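Contents: one structure, followed by commentary.
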Amino acid sequence: MIPMSQNCITVWNNCLRIIRQHVGEQSFETWFKPIKPVKLADSILTIQVPSQFFYEWLEEHYVQILRKAIHVELGKKGRLQYSIVVDKGNPSQQPFTINIPNKQAQTPQTGALRLPDNKKTPVTEEKHNPFVIKPIKPNARKSNLNERYTFNNFIEGGCNKVARSAGVAVAQKPGITAFNPFLVYGGVGLGKTHLVQAIGNEILRQAPQKFVLYVPSDTFITQFVEALRTRRMQDFTNYYLQADVLIIDDIQFLGGKERTQENFFHIFNHLHQLDKQIIMTSDCPPKQLQGLQDRLLSRFKWGLTTDVYVPTYPTRLTIIKNKVESEGIQMSQSVIEYIARNVDTNVRELEGVVISLIAKSSLIRQEINMELVDSVMSSIVSDSKKFEQRTLNASHIQEVIIRYFSLKEQDLMSKSRKKDISIARQMAMYFCQEYTDLSLKNIGKIFGNRDHTTVIHAVRTVKSKINSELGYKETINQIKRELKVL
Ligand code: ADP
Ligand code: MG
């Protein structure tokens with residue numbers, strides 16, 4: 001008797017012979033060579049594929065030819081099952097896999113595929129292969145990294161502990177940890193750019209030959225539009241496809257840019273499939289990213305999403321001390337504590353105050369005393385409050401309202417007419433109208449695709465209640481304080 005493993009290898013090799021006649025050489029190499037047959041039992045052939053994406057691609061593009069081949073080899077009862085490698089393991093450990101039946105025509109008893117009689121169904125033709133790469137010269141590669149951002153000067157605190165340690169792990173083993181893609185989100189000035197650039201710099205320090213590519217997403221959009229205009233799309237995509245590590249900062253700007261997203265989606269899939277590391281940042285959690293396609297958002301779940309938030313007092317102290325030390329200047333402990341206590345918005349402002357203090361004190365040749373600190377802080381911090389007032393973002397407003405009223409995340413978008421939810425929703429719309437640049441139409445969209453007239457009604461209701469109900473006005477003021485606009 002032929003051993004079972006031998007048997008599955010033979011059957012798969014026969015299948016490959018059939019498949020080869022129907023797909024191009026490049027596709028065969030890319031999509032069928034990496035597949036390993038692992039088991040044949042009860043007419044179910046299990047094949048191991050390197051990733052979830054790989055499996056989806058096969059299902060989307062080659063399901064017919066796979067069926068046909070299995071059918072020829074195993075007869076009508078033949079079925080196919082995928083074993084997807086989730087974790088590659090190491091030399092002493094087997095890879096960890098999950099089994100999924102071929103999606104279509106699933107049979108309830110076993111979950112495996114029963115092959116339909118599909119002799120007449122045409123075999124899928126290759127229409128488009130985005131995976132042809134023209135190598136570029138190493139000196140044409142630009143990482144765009146700023147060497148100033150390192151792990152050494154990225155102070156750890158509760159506010160960034162998870163993000164930082166995951167970042168260190170990614171930097172040690174880019175592409176092969178479970179953190180791929182790696183997405184860091186959080187408010188402005190909280191260290192997202194610093195952290196992701198530190199990962200890039202560390203990877204380059206360990207492996208200078210790697211192509212680490214950092215790009216803010218608005219630059220990516222500009223390049224894309226320029227490539228469209230000058231008909232150099234192939235060059236543009238080709239460049240990004242070569243990255244060993246792609247860092248894309250502030251992906252919220254991709255919102256609503258359909259064609260750019262489409263292109264990014266292909267680049268993302270290609271790099272991910274080749275185990276290249278993808279790192280992203282955004283100013284809000286993925287589910288609040290507006291105008292991003294679901295298929296892109298669902299890819300983010302493959303890896304790790306984590307947040308950074310405002311540092312607590314002890315972390316702020318350490319950040320200031322570190323900054324002061326690295327600038328090589330003296331500052332008294334009481335001044336440092338005073339700044340740490342009072343600047344509780346974000347790290348960028350904390351740094352702004354310190355740098356401005358240093359500059360002023362050397363300019364006017366004056367010791368850094370409390371008076372000087374006050375004058376610097378009042379200019380920077382009050383400026384920032386004015387700044388925030390103009391540029392609050394909708395997701396921040398939603399977060400604050402959800403927390404204030406102890407709601408569930410989806411409540412504000414839901415159709416629920418429960419009194420407390422309606423009140424909260426109206427207030428959230430009011431704050432969006434008052435403190436963001438969003439149009440009424442877009443505010444409606446954010447809150448569960450409502451009409452702009454609903455938003456107008458909400459804003460009017462809130463304004464009239466502020467003037468007529470004392471308790472209501474106090475609630476609004478409390479929320480304003482939370483939003484730091486009062
Ligand atoms: P974001 O990208 O989240 O808006 P940045 O990464 O630009 O924020 O950070 C703003 C400034 O604060 C930068 O100069 C950065 O070096 C500094 N910074 C932020 N977080 C830290 C930290 N944990 N330790 C030291 N510096 C930090
Ligand atoms: Mg940034």
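Atoms within a ligand are numbered from 1 in the order they appear, just like the ligands themselves. Every value quoted in this text rests on a predicted model; they were computed, and no experiment measured them.
Between Tyr240 and Phe220, the ring planes lie perpendicular to each other; the angle is over 60°, past the 30° to 60° tilted range. Ring geometry for His194 versus Phe154: interplanar angle of 30 to 60°, hence tilted.
Aromatic ring centroids of Phe300 and Tyr185 lie 6.0 Å or more apart.
Neither side chain, Gln197 nor Glu147, offers a donor N or O lying under 3.5 Å from an acceptor on the other.
Protein residues are said to neighbour a ligand when one of their heavy atoms lies under 4.0 Å from it; for ligand 1 these are Arg148, Tyr149, Asn153, Phe154, Ile155, Asn160, Gly187, Val188, Gly189, Leu190, Gly191, Lys192, Thr193, His194, Val347, Arg348, Glu351.
Among Asn393, Ile251, Leu190, the one residue that satisfies the side-chain contact (heavy atoms from CB on, under 4.5 Å) test with Asp283 is Asn393.
Phe265 carries Arg295 over the face of its six-membered ring, with the cationic atom under 6.0 Å from the centre and within 45° of the normal.
The two atoms that bring Pro285 and Glu399 nearest to each other are CD-OE2, 4.1 Å, heavy atoms only. The two atoms that bring Ile421 and Ser416 nearest to each other are CD1-OG, 3.6 Å, heavy atoms only.
Between Glu474 and Arg481, at least one side-chain nitrogen of the basic residue sits less than 4.0 Å from a carboxylate oxygen of the acidic one, meeting the salt-bridge criterion.
Among protein atoms, those of element N, O or S found less than 2.8 Å away from the Mg ion (ligand 2) are Thr193 OG1.
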